[in-house]
There are 2 protein chains.
Amino acid sequence: MNGLYEHKDYGSLSDKVYRFLRNAIAEGRYQTGDCLVEMKIAEELGVSRTPVREALKQLELEDLVTSHPNRGVVVKGFSIEDLQDVSTIRHLLEGQAAFWAAQRVTDEQLKELREVVELMEFYTAKNDISHLVALDTRFHELIYEASGSRTIRHILASLHHNIRKARQSSLTLPDRAPNSLAEHLSIFQAIERRDAQAAKEHMEAHVAIAAGNRMSE
Amino acid sequence: MNGLYEHKDYGSLSDKVYRFLRNAIAEGRYQTGDCLVEMKIAEELGVSRTPVREALKQLELEDLVTSHPNRGVVVKGFSIEDLQDVSTIRHLLEGQAAFWAAQRVTDEQLKELREVVELMEFYTAKNDISHLVALDTRFHELIYEASGSRTIRHILASLHHNIRKARQSSLTLPDRAPNSLAEHLSIFQAIERRDAQAAKEHMEAHVAIAAGNRMSE
DNA sequence: ACACAAGTGTTTGTATACAAATATACAATG
DNA sequence: CATTGTATATTTGTATACAAACACTTGTGT
C-alpha cells in the first residue's frame, strides 16, 4: 500500500531509534540546543551505541541536528520561518513534479491515481479525515513517482515529515476537505489529458491554498 | 574561506571513506548496479567496517546508492535525464534563493559578495578557470546563506556535487567566462539594491544558460 | 587572587567480536 | 528432471572494547 518512504526494514533497531528521536524532537521532548549523548539514548532505549549513531547520522543528513566533530550533536529544531520556507519550496517542486508527471505518466500510474481520487470522493462524503490524509499522501507520492525524477522524489521525501504535518493540519480545517477533493480532481484530470502546464498550475494552487501562502510570484 | 559544505572534520576516517566512494562512483570506478561490500572496501582502504558503514549511510541519504536491508547496498549512478532534472530543480531553487537573499541579505554578506565579484573580474581578465570555478561556487554558497533558508541551503548542498560538475563543464566552454561574469554582476547588483524579483530572474537566466536549458516555462 | 598547567572524567571515533539474516551449493525426494 | 530441504558461507546488524579528543577541575606558582 505505502509504496514510497519505506526506506528500509522497519524492524531494525537503527530505524526504531531514528523514529524515536525524530518523534522526540517533533514533540519537543528534545528542545533546540539540547545535546544528544549517544550513551544516554542507548541506555534509555536499551540498545548499544551503534544503532544510535546510525540514527543520529540520519537526523544530521536530514538537518534536524548538527554534529560537531568530537563534541557531539545538538538539536536544531524548526522555526516558523523554516516551516514557511518549506511550504514555498514545496510549491516550486510539487508544481514541477506535476508538470513532469503530465508528460511522463504511464497508463498504470494513471490508473492508480484514478483509484485514489475515487477513494477520496468516497471518504470525503463520509468526512473521514484520517483516511483522507493517507490518500492525500498517496496521491502526492504517486505524482512524485510519475514525475520520473529521482531527485525530486528524493527531495520531497526528505521533506515528507514536514509536509505530512502541514497536510494534517490543513485537512482538519472546516470544509477544507471538499475543496481539497476538487483540487485533486483538477490536477488528476490535467495529468490525464497530458496537459503539463495546467497540471503545474493546479498543483501550485493546491499547495498554496493548503499552506498559508507567501510566495515570490 | 570555504564556509559551507565542510560537513565535518575532514580528517575523520568516515569522511575519507565517504569522499573515496563518492569519487569512485563519479569516475565510474564503481558502476551502476555494483554491489558495495563493506568488508572489501574496508580492506581496500585499510580501515574497519565502522567508518565504511557511516560513509555508505551518507551516500544512501544522498541517493547515490540504495540499501537493501541485510543484503547490502548497490550503486545507483546518474542518468542523463537525472542530470537534466537536477539542473531544472536548480533553476527553481536558486531563483528562489536569490529572491530571498535580496530580501534578507546582511551588510556583511553583501560585502563578501562584492569581494567575490571583484575577484571574479580579476581572474576573468587572466582567464584563470580553476580560480573562477572556486569563486563561482563561493558566490552561490553566499547566496544560499544570505537566503536565510536552512532548507534551501540543505537541499542545494546535497545537490552540490552535481552542481559543481555542471559548473566546471560550463565554464570551460570558450568565451563563457566573460558572460558568466556579467551575469554574476547583474545578480549581485539586484541583490545589492534589494530587488528580489530582478535577482530571481537574473539567477534563473544564469542557471538556465549555464546548463543546457529544458524548463517548464 | 589570578593565570596556567596537569590530571581526571566524559564523550566521541574506531576497531573488533559475535549474532542474525540471507544467498548458495548440493543432496534427497517426488 | 524439477523441487524442496538442509548445510555452509558470506554479509549485514549489533554489541562491546579501546583509543583519541575535549571539557572541567584542581593544584601550583607568581
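All of these numbers come straight from a predicted model, not from anything done at the bench. Worth knowing before you read on, the calculation uses all heavy atoms, side chains too, and leaves out hydrogens, waters and symmetry mates.
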B:Glu54 atom CD is separated from C:dA15 atom P, nearest whole Å, by 11 Å
Does B:His206 form a side-chain contact (heavy atoms from CB on, under 4.5 Å) with B:Glu94? I'd like the steps, not just the answer.
CA-CA 10 Å; B:His206 173 59; B:Glu94 298 231 18; over 6 Å; no
Contacts of B:Arg71 meeting salt bridge (charged side-chain N to carboxylate O under 4.0 Å, His left out) (sequence neighbours excluded), chain-then-number -> none
Whichever of A:Gly46 and B:Cys35 has the more 5' nearest nucleotide on DNA chain D, that residue is B:Cys35
Expected output: side-chain A:Arg150 to main-chain B:Asp63 donor-acceptor under 3.5 Å
yes
To the nearest angstrom, the CG-P distance between B:Leu45 and C:dA15 comes to 11 Å
Rounded to whole Å, CE of B:Met39 lies from P of D:dG13 at a distance of 15 Å
Between A:Met203 and the options A:Glu183, A:His140, A:Gln96, A:His91, the side-chain contact (heavy atoms from CB on, under 4.5 Å) test singles out A:His140
Atom CG of B:Asp15 and atom P of C:dT12 are separated, to the nearest Å, by 18 Å
Sorted by chain and number, sequence neighbours left out, side-chain hydrogen bond (donor to acceptor under 3.5 Å, both in side chains) with A:Glu38 holds for A:Arg49, A:Arg53
Of the candidates C:dT12, C:dA15, D:dA15, the side chain of A:Val37 sits closest to C:dT12
By side-chain hydrogen bond (donor to acceptor under 3.5 Å, both in side chains), B:Ser149 pairs with (sequence neighbours left out) A:Asp85
Distance col, row A:Ile191:CD1 vs A:Lys200:NZ, nearest 0.5 angstrom, shows 14.0 Å
From CD of B:Glu38 across to C1' of D:dG13 the rounded distance in Å is 9 Å
Below 3.5 Å is the cut-off: list the nitrogen or oxygen pairs between protein and nucleotides 18-23 of chain C, distance only.
unit_1 : atom_1 : unit_2  : atom_2 : d
C:dA21 : O3'    : B:Asn70 : ND2    : 3.4
C:dA23 : OP1    : B:Arg71 : NE     : 3.3
C:dA23 : OP1    : B:Arg71 : NH1    : 2.5

List every contact pair, protein side and nucleotides 6-9 of chain C side both N or O, where the distance is under 3.5 Å.
none

For A:Asn23, the side-chain contact (heavy atoms from CB on, under 4.5 Å) test, sequence neighbours excluded, returns A:Glu27
When rounded to whole Å, the CD to C1' distance for the pair B:Glu43 and C:dA15 reads 14 Å
>> With a 4.0 Å limit, can you tell me whether A:Thr50 has a side-chain N or O closer than that to the phosphate oxygens OP1/OP2 of D:dT16?
In response: no
Students often get this wrong, so: under 4.0 angstrom with heavy atoms, is A:Leu56 touching a base, only sugar-phosphate, or nothing?
nothing
Between the CD1 atom in B:Ile155 and the CG atom in A:Leu156, the distance rounded to the nearest 0.5 Å is 8.0 Å
Quick note, A:Arg53 side chain, CB onward, closest among D:dT12, D:dT14, C:dT12 is C:dT12
A:Ser48 has its side chain closest, among D:dT16, C:dG13, D:dT12, to D:dT16
Rounded to whole Å, the CG-P distance (A:Leu13 to D:dT12) equals 18 Å
